[in-house]
Amino acid sequence: MAEILDGLKVSKEIKAEIKAEVEKILETKRRAPHLVAILVGNNGASKAYVNAKVKDCEEVGFRSTLVKFPSTVSESELLEKIDELNKSKSVDGFIVQLPLPKQVDQEKIILAIDPRKDVDGFHPENFGKMALEMDTFLPATPFGILTLLERYNIETKGKDCVIIGRSKIVGRPMSILMGRKDFPGNSTVTLTHSYTKDIEEYTKKADIVITALGDPHFLKGEMIKDGAVIIDVGITRVDDDSPKGYYLAGDVDFDSCAEKASWITPVPGGVGPMTRAMLMKNTIIAYKTSVYND
Ligand SMILES: Nc1nc(=O)c2c([nH]1)NC[C@@H]1CN(c3ccc(C(=O)N[C@@H](CCC(=O)O)C(=O)O)cc3)C=[N+]21
């Protein structure tokens, strides 16, 4: 029976550490770290995540600003706002919540963000630095997973790690990070995706499986090895008869996998809260490296 990798608990510890650091900073500096989130449109899940991020900022003592645009926003309006945030001496970091409406070129938006304020770690300059093991902002979800593995002392060195899903913000960076030379890395990584012939052939042999495909209950107990470490990044709203009208489903079939795994993340309460805690971490890093905070 697996033990739980309690992301909610660890995220609270990390936020408490950041809060203490902010209090210390404010003994000598005039202003607190400031994170800005840009939210486009009215998607329920996006709104919920961004509101949670604003709440996290309050908790750790950051200043936060939420900038909202209607889903009809033009690309140039967004680029103008990004330019303003890039130049602002009082903004340490900002994120543009994804996905964006189809009239907006996501790539153009990400390229416009000053890499020094790119606390999501999505800009190609930061992605490249990540791949080259240079100091930079790590994307929050992969950073959260690494931190969770680190805090639970899960050995990754020499392990076979299988990642399912090659998204730009989770699967692909995760595949690079798990193979890096620093801890927790040094795994032998296989990145599987929709064209992989037989995913089960890989997951059955893996010491660590990281699922990030967005397919509820995809990974079943019969697809994993005894003692495997299972990390579930998936979080899909599935309609049901509950008061909320939906429940949150991971990519992992929790009950059958928990019977065989050594460690497993729950959904909710696993990777999600860790993602948010690492955004706070990146923001304080941005603040500390900014020249505008004396
Ligand atoms: N520019 C950008 N940066 C992102 O980091 C980003 C994004 N766009 N677009 C969407 C995804 C998704 N994402 C999540 C963050 C926290 C939870 C989270 O806190 N989940 C809670 C449950 C939350 C709930 O109750 O709905 C949990 O798993 O326990 C989930 C998902 C960040 N993303």
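As the structure is a prediction and not an experimental result, all values here were calculated from the model. In listed order, ligands and their atoms are each counted from 1.
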* Nearest protein heavy-atom contact for atom 9 (N) of ligand 1: which residue, which atom, what distance? -> Leu98 O, 2.9 Å
* Asked: Mind checking whether Pro273 has a heavy atom under 4.0 Å from ligand 1?
  -> yes
* Structure fact -> atom 12 (C) of ligand 1 has as its nearest protein heavy atom Tyr49 CE1, 3.6 Å
* May I ask whether Val267 places a heavy atom under 4.0 Å from ligand 1? => no
* To do: Any chance you could measure Glu3, atom CD, to Tyr152, atom OH, to the nearest 0.5 Å?
  => 9.0 Å
* Asked: If we ignore angles and hydrogens, is there a donor and acceptor under 3.5 Å between the side chains of Glu77 and Ser74?
  -> yes
* Asked: Cut-off 3.5 Å, side chains only: do Gln97 and Lys53 have a donor facing an acceptor?
  -> yes
* **Heavy atom of the protein closest to atom 23 (C) of ligand 1 (residue, atom name, distance)** => Leu248 CD1, 4.3 Å
* Asp120 and ligand 1 - part of the residue with a heavy-atom distance under 4.0 Å -> side chain
* Asked: Does Lys117 pair with Asp92 as a salt bridge, N-O distance under 4.0 Å?
  -> no
* Asked: Of the protein's non-hydrogen atoms, which lies at the shortest distance from atom 10 (C) of ligand 1, and what is that distance?
  -> Gln97 NE2, 3.3 Å
* Against heavy atoms of Val96, which atoms of ligand 1 measure under 4.0 Å? -> 1 (N), 2 (C)
* Close approach, Gly269 and ligand 1, non-hydrogen under 4.0 angstrom -> yes
